[in-house]
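Contents: one structure, followed by commentary.
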There are 2 protein chains.
Amino acid sequence: MEDPPPTPATPATPATPAFPGTSAPPAAPAGPAAPAGLTAPAAPTGSAATLHDVAREAGVSIATASRALNGSARNVRAENVARVRAAAAKLDYEPHLSAQAIAKGSTRTVALVVRDVADPYFSTIAAGVTQAATEAGLIVTMAVADGSPERELEIVRTLRGQRPRIIIVTGSRIEGTTTRDALIEELTQYRTAGGRVVLISQRDLPFGTVTIDDRGGSAALARALLARGYRRFAVFHAAPSLRTSRDRHEGFLSGLDGSGAPAPLAFETGFTRDGGHEAARRLVGRGMGDVEAVFAVNDVMAIGAMTAFREAGLIPGRDIGVAGFDDIAPAVDVLPALTSVAVPLREAGLTAMRLALSTDDPTAHHPLPAQVTLRSSTPHRPTP
Amino acid sequence: MEDPPPTPATPATPATPAFPGTSAPPAAPAGPAAPAGLTAPAAPTGSAATLHDVAREAGVSIATASRALNGSARNVRAENVARVRAAAAKLDYEPHLSAQAIAKGSTRTVALVVRDVADPYFSTIAAGVTQAATEAGLIVTMAVADGSPERELEIVRTLRGQRPRIIIVTGSRIEGTTTRDALIEELTQYRTAGGRVVLISQRDLPFGTVTIDDRGGSAALARALLARGYRRFAVFHAAPSLRTSRDRHEGFLSGLDGSGAPAPLAFETGFTRDGGHEAARRLVGRGMGDVEAVFAVNDVMAIGAMTAFREAGLIPGRDIGVAGFDDIAPAVDVLPALTSVAVPLREAGLTAMRLALSTDDPTAHHPLPAQVTLRSSTPHRPTP
DNA sequence: TTGTAGGCGTTATCAT
DNA sequence: ATGATAACGCCTACAA
């Protein structure tokens with residue numbers, strides 16, 4: 001079954017040519033983002049129906065058509081509304097969002113900047129943002145910063161070209177003050193131009209922020225482990241410039257405070273599964289000493305560490321306790337099930353949107369709780 | 001440690017209006033944007049710098065400014081180029097993408113439709129798409145169909161309003177012919193209007209398509225398991241309307257063909273971790289019979305099943321073989337490591353973009369290989 | 001209720 | 001090389 005040949009509703013509009021085919025490869029896509037490998041984008045237009053077409057088809061003026069479809073349909077004769085609607089349907093008309101944006105002076109898009117979409121941490125947040133955006137009739141555009149503060153800065157800069165209503169930045173690790181200041185500057189500009197800014201998990205910046213209680217969660221975890229009889233720890237953490245890692249690390253230490261437990265060994269490594277794996281190998285290599293449990297600052301690290309321990313002949317949960325952070329889905333399916341700290345990631349995305357859409361103080365901070373979830377990777381230690 | 005005193009909030013700029021909560025998108029903003037009433041001196045209005053501002057600041061015409069910044073800078077005196085660039089930098093000017101789009105008649109966006117961003121399957125594909133798009137200087141907008149064909153259709157329809165250069169649809173499960181035909185119709189319209197369409201993992205539709213070799217991979221897996229001595233299988237699959245599930249199921253059966261192995265038991269369940277868990281419980285509940293191994297049509301199902309088996313006192317890899325599909329990251333960290341079929345998900349996203357950007361046949365099909373990866377969840381069976 | 005006209009920020013076509 | 005000026009598709013006073 002083929003598509004019915006579109007009725008030649010527009011007989012007098014030869015105008016726009018069909019496909020330029022292989023023609024003019026648009027010159028270097030200018031701008032900062034250098035095109036690396038791929039071929040230049042193909043040529044566009046074959047043109048879609050415009051409001052003008054609809055108006056003509058319906059036998060009314062453009063203004064009436066506009067009103068009937070979009071604006072105050074109340075002031076349009078019912079008959080004309082029907083006419084216009086029919087014409088629009090017939091021509092398969094969709095309003096040109098860019099044109100609307102430029103005419104109205106505001107778009108309906110929210111721009112989301114993440115470090116890595118493939119990471120479940122961010123993709124879950126993205127899911128929350130997308131859901132809330134859809135409910136509010138907004139479009140989500142996404143950009144990936146890839147862990148580079150410079151890239152992030154550049155993204156935010158070019159993002160302003162979209163004139164989004166909202167910019168949400170998550171997972172950045174601005175610590176170097178140069179890019180940090182530039183980022184603040186950029187976002188401030190954007191805000192004074194009327195945009196809303198919300199940061200997720202990026203404390204201490206003068207914007208609306210959704211924070212996850214990394215410190216508190218880690219501290220609570222430390223106390224819970226103490227209560228289970230653990231006293232000697234190792235911590236697998238990432239570079240301290242990664243704020244999330246540092247907060248969780250410091251939180252854990254603070255949770256140990258006053259317990260009399262010795263200072264944990266610290267291993268710096270990658271914020272990834274392989275990082276955890278590598279740190280565990282290092283720990284095993286230098287001798288476990290009297291380490292009773294490992295706290296890895298996120299679950300994928302913890303899971304990688306468990307595998308490494310097992311490869312070294314140590315059984316997690318028996319020979320060594322292991323705990324992570326995030327409570328990602330696989331935590332309950334690894335063996336032993338992983339003790340972790342649950343964070344409401346999707347909720348973070350929803351909350352960010354809520355914050356952005358609210359008319360309240362645009363610099364409000366909204367903390368989200370983190371909840372310790374004890375599992376068999378850290379069983380009770382037999383009291384000696 | 002609280003946030004520093006926020007910068008003096010914009011006094012007279014109400015900015016974004018409230019939103020319609022659950023209601024329809026066209027939220028007629030009530031009040032006017034700004035009290036732009038009388039004499040407008042150094043208007044601190046919330047708008048961003050325009051090309052006009054830049055031109056004035058640089059002391060050139062708006063046309064020259066445009067050329068200097070964007071177009072053929074070749075025909076502009078070097079001095080003026082510098083002037084304009086300086087002005088742009090000073091004013092923190094970013095070209096209004098919507099305005100450019102409307103003037104040029106084409107946008108720089110690619111629209112991506114996925115079933116669920118939070119699912120690693122789709123988020124990995126999304127990562128590939130985003131990467132390729134960024135390299136080509138394109139912006140990605142994302143919409144979530146949530147498993148509903150109707151929603152998917154509606155999304156594609158409204159997506160056309162963005163006038164994206166490319167629409168990529170992944171993970172749909174159009175089987176009901178009504179929505180299927182409507183979807184084809186909609187996408188065809190879009191294509192004749194000059195857009196490029198690429199489908200991922202959606203066979204049999206007259207558009208560019210990136211397919212993953214579900215059937216072949218499953219068949220190869222079946223043969224590999226036969227070679228390891230397994231003969232009696234159970235298959236955990238999802239509703240047959242979910243094409244991916246059906247293909248993998250059928251492929252597995254075809255791989256068994258001619259081996260003389262008995263027909264596997266089939267358990268229909270959810271395409272999720274919990275689905276696999278549930279099916280395994282059902283299998284255990286009705287008695288394992290002589291089932292030697294389970295093939296779950298994706299990894300999360302397989303992993304859920306392993307946990308369920310363990311809960312029932314069966315040790316995966318010893319008492320029951322388990323295999324999945326996708327080879328997601330945790331597959332190597334569960335115990336035992338999961339036999340699976342590796343699928344180049346990120347590559348699928350990249351390939352989709354490549355297909356979309358190429359000038360070749362817009363309906364080309366590009367199959368991606370799937371590779372069997374044997375691990376200890378399906379050890380060699382001792383030959384009796 | 002309807003149409004006319006002006007404007008939104010850019011680009012592109014003209015002359016100059 | 002540069003500057004008016006007309007599009008681009010839509011919205012919205014302002015008139016009629």
Side-chain angles (χ1 to χ4, degrees), chain A residues 13 15-16 24 26-27 30 44-45 47-56 58-84 88 91 93-108 160-163 193, chain B residues 26 28-34 36-37 45 47-56 58-84 88 91 93-108 160-163 193:
Chain A
T13 312
T16 23
T45 351
S47 81
T50 92
L51 188 56
H52 185 255
D53 300 330
V54 174
R56 190 153 40 69
V60 300
S61 78
I62 289 188
T64 302
S66 174
R67 286 187 278 249
L69 290 178
N70 207 316
S72 41
R74 254 171 266 290
N75 312 333
V76 179
R77 229 194 323 172
E79 185 195 324
N80 275 343
V81 172
R83 255 189 163 68
V84 172
L91 300 181
Y93 167 79
E94 278 294 330
H96 195 307
L97 259 36
S98 289
Q100 284 190 160
I102 192 186
K104 306 216 266 216
S106 82
T107 64
R108 284 205 143 272
R160 287 182 31 217
Q162 293 183 36
R163 302 292 188 277
Chain B
T45 328
S47 56
T50 89
L51 188 56
H52 186 258
D53 301 329
V54 175
R56 191 153 39 71
V60 298
S61 81
I62 187 176
T64 301
S66 173
R67 286 187 279 249
L69 290 176
N70 205 317
S72 41
R74 254 170 266 292
N75 312 332
V76 179
R77 227 192 328 170
E79 186 195 322
N80 275 344
V81 173
R83 256 187 163 69
V84 172
L91 300 180
Y93 167 78
E94 279 293 332
H96 195 307
L97 261 35
S98 289
Q100 286 190 160
I102 193 185
K104 305 217 264 217
S106 82
T107 65
R108 284 205 142 279
R160 288 184 26 218
Q162 293 183 36
R163 302 291 189 275

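Side chains included, hydrogens not; waters and symmetry mates left out as well; all remaining heavy atoms used. Throughout, a chain's letter reflects where its sequence line sits, starting with A, and its residues are numbered from 1.
- Leu51(A) places its CG atom 16 Å from the C1' atom of dC8(C), with the value rounded to the nearest Å.
- Contacts of residues 95-103 of chain A with DNA chain D (heavy atom under 4.0 Å): Pro95(A), His96(A), Ala99(A), Gln100(A), Ile102(A), Ala103(A).
- Interatomic distance, Asn75(B) CG to Asn80(B) CG, rounded to the nearest 0.5 Å: 12.5 Å.
- Read 5' to 3', the first and last nucleotides of DNA chain D with an atom closer than 4.0 Å to a heavy atom of chain B are dA1(D) to dG9(D).
- Taking the side chain to side chain contact (heavy atoms under 4.5 Å, CB included) definition, one finds that Ala99(A) meets it with His96(A), Ile102(B), sequence neighbours left out.
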Polar-atom pairs under 3.5 Å, protein N or O versus N or O of nucleotides 1-5 of chain C: list them with distances, or write none.
residue : atom : partner  : partner atom : Å
dT2(C)  : OP1  : Arg77(A) : NE           : 2.8
dT2(C)  : OP1  : Arg77(A) : NH2          : 3.0
dT2(C)  : OP1  : Asn80(A) : ND2          : 2.3
dT2(C)  : OP2  : Arg77(A) : N            : 2.7
dG3(C)  : OP2  : Ser61(A) : N            : 3.1
dG3(C)  : OP2  : Ser61(A) : OG           : 3.1
dG3(C)  : OP2  : Thr64(A) : OG1          : 2.7
dG3(C)  : N7   : Arg67(A) : NH2          : 2.6
dG3(C)  : O6   : Arg67(A) : NH1          : 3.1

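- In this structure, Leu69(B) atom CG and dT11(C) atom P are separated by 8 Å, rounded to whole Å.
- For the atom pair CG of Leu51(A) and CD of Gln100(A), the computed distance is 9.5 Å after rounding to the nearest 0.5 Å.
- Put simply, the side chain of Asn70(A) never gets that close to the backbone of Arg67(A): no donor and acceptor are under 3.5 Å apart.
- For the helix from dT1(C)-dA16(D) to dT16(C)-dA1(D), the rotation axes defined at the first and last 5 base pairs enclose an angle of 40°, given to the nearest 10°.
- With sequence neighbours left out, the salt bridge (Lys or Arg N to Asp or Glu O under 4.0 Å) criterion links Arg160(B) to Asp92(A), Glu186(B).
- For the OP1/OP2 pair of dT10(C) and a distance below 4.0 Å, the side-chain nitrogens and oxygens of Asn70(B) include no atom meeting the criterion.
- Here the CD-CG distance, from Glu94(A) to Leu69(A), works out to 10.0 Å after rounding to the nearest 0.5 Å.
- In this structure, CD1 on Ile62(B) lies 6.0 Å from NE2 on His52(B), to the nearest 0.5 angstrom.
- Annotation: the span from Thr107(A) atom OG1 to Gln162(A) atom CD amounts to 8.0 Å, rounded to 0.5 Å.
- Separation of atoms CZ (Arg163(B)) and OG (Ser98(A)) is listed at 8.5 Å; rounding is to 0.5 Å.
- Exactly one of Val60(A), Val54(A), Asp53(A) qualifies for a side-chain contact (heavy atoms from CB on, under 4.5 Å) with Arg56(A). That residue is Asp53(A).
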